[in-house]
Structure formats: C-alpha cells, structure tokens
Amino acid sequence: MRIGVLGGTFDPIHKGHLALAEASIEGLKLNQILLIPMNQHPFKNQDQIIASPETRLEMVRLAVEGNPMCHVSDLEIKRGGVSFTVDTLEELKKKFPDPHTLFFITGGDWGCELQSWKNINRILSLACFVVANRPGYHVSQLPEKVSRLEFEPLNVSSTEIRCKIKKGESISADVPPRLEQFIKVNGLYLNES
Ligand code: ATP
C-alpha cells in the first residue's frame, strides 16, 4: 500500500490543501492519504494558531467527509506537545511497516527549510519526502532523496481566509460549503487573524 501523509495546522483547512491531497493521490498513485492536524507547530508560535486542536480536527473531518481516499488522523493531537514529523512517522511506520510505503507531502513553503527539521535524516529514511509547488514559493534545490510533485496549486492560505472572515468577506471560493457553514455557525476567526 502507498500511503500519503499530509500534516498541517489546518487553521482552517481549505481548497488548496484538498487540491494538494487530490494531486498527491493521483501523482503518487496513493491508495490512501492521511490528513493529520498538528497539535503544536514546530516553527509557529502557539499564539499564531487560532482554533483549538479539536476544532481544527473537526474541520478536517468535515472537509473530507465522503471521500474514501482521505482519512483523518488525530495522532498528533492525542500525542500532545510539539508535533514533530519524525515522531509521527515513527508511529506510522509501526502501524504500516514494510512493504507499505509512506509518502510525506509538504507544500513548497516548508520544503525550503528542510535542514531545520528535527532529525531530517531519520525522516528521509522513514518516508519518501515529497515537496509540492505552492504559489509564492520557489524551491530551487532539494536533497537527493526528496522528490517534487508538480501540480496546479490554488492561491489560497489559511492566513488569508482568517483575514477575509475578520473583514466580513466571503470565503465560499476557498473552503467547501459545509466548512463555510461550520465556521459561520461557530463564529470562528471573527476577532483574530
Ligand atoms: P497559514 O496561512 O496559517 O500558515 P497554510 O495555508 O500554509 O496556513 P498549513 O496548514 O500550514 O496551511 O499547511 C499544511 C500543508 O499544506 C503545508 O505543507 C503547506 O505547504 C501546504 N499548503 C497549504 N496551502 C497550500 C496551497 N495553496 N497549495 C499547496 N500547498 C499548500
């Protein structure tokens, strides 16, 4: 089995993430992809993450509901603390030992800073590391073991969505309808960006 792993803060999840998941399924010939909301981001301050882990998890579940290829994992939230990729991949490798192959997928923004990841060499031995293109980010050089996924990314980010909500602008182009509804009903992101 070829299993994709897509981590993120998903604050909130948006169509850019979903397009990346779809492109990964197709381009990497995955049998399934796991979306894993982080508990705490290794490179972001905790006050940069607005919604609670449980709310972000719920939003990811809503966004992929009914898609048999996309699964949602709460393992980083359950583990607590800072969500280091190496710890997640160690856990997943126990659950999916060889001959399963793990593909860890990230957008170009984080691919630029691979050397600062905790135990990057161990990460590269646990999973095939894939960097996808993302508008506004140019990844020129990648280590030998890292591959690229070329796709047509959408120019959307969670930061932009939070700003739009604060300004009272529509986010219907950026998130699936049921997620837009969830954000509205729960009054998320109205006061923060
Ligand atoms: P924020 O704006 O809050 O920093 P974000 O939109 O970058 O959030 P994350 O949850 O941090 O979203 O992203 C999770 C993963 O998805 C990362 O690997 C990121 O590079 C990738 N990603 C996010 N948005 C896009 C996009 N529009 N196209 C391609 N990849 C994306």
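Both counts, for ligands and for their atoms, begin at 1 and track the order of listing. Computed from a prediction, not measured in an experiment: that's the story for all the values here.
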[X] neighbourhood, listing ligand 1 atoms whose heavy-atom distance to it stays under 4.0 Å:
X      : answer
Thr106 : 18 (O)
Lys44  : 1 (P), 3 (O), 4 (O), 8 (O), 11 (O)
Gly8   : 10 (O), 14 (C)
Phe10  : 10 (O)
Arg162 : 3 (O)
Thr159 : 1 (P), 2 (O), 3 (O), 4 (O)
Ser157 : 2 (O), 6 (O)
Gly16  : 27 (N)

Checklist entry - Parallel under 30°, tilted from 30 to 60°, perpendicular over 60°: which one fits the rings of Phe129 and Phe104? => result tilted

Item to check | Mutual orientation of the aromatic rings belonging to Trp117 and Phe43 [parallel < 30°, tilted 30-60°, perpendicular > 60°] | outcome: tilted

Checklist entry - Is it true that the side chains of Arg134 and Ser157 contain a donor and an acceptor less than 3.5 Å apart? => result no

Checklist entry - Going by atom types alone, do Asn155 and Glu160 pair a side-chain donor with an acceptor below 3.5 Å? => result no

How far is [atom] from its nearest protein heavy atom, and which residue and atom is that?
atom                    : value
atom 25 (C) of ligand 1 : Arg134 NE, 3.3 Å
atom 30 (N) of ligand 1 : Leu20 CD2, 3.7 Å
atom 20 (O) of ligand 1 : Asp109 OD1, 2.3 Å
atom 18 (O) of ligand 1 : Gly107 N, 2.9 Å
atom 16 (O) of ligand 1 : His17 CD2, 3.3 Å

Heavy atoms, side chains only, cut-off 4.5 Å: are [X] and [Y] in contact?
X      : Y      : result
Val175 : Met59  : no
Ile105 : Ile33  : yes
Glu76  : Pro53  : no
Ile49  : Gln40  : no
Thr9   : Ser158 : no
Ile3   : Leu34  : yes

Side chain, backbone, both or neither: [X] near ligand 1, heavy atoms under 4.0 Å:
X      : value
Leu154 : backbone
His41  : neither
Gln48  : neither

Could you tell me whether some N/O pair between [X] and ligand 1 is separated by less than 3.5 angstrom?
X     : result
Gly7  : no
His14 : yes
Asp11 : no

Next on the checklist: Taking NZ in Lys184 as the centre, count heavy atoms belonging to other residues, nucleotides or ligands within less than 6.0 Å. Is the count above 12?
Outcome noted: no

Checklist entry - Around Glu90, counting heavy atoms of other residues, nucleotides and ligands shown, do more than 12 lie under 6.0 Å from its CD? => result yes

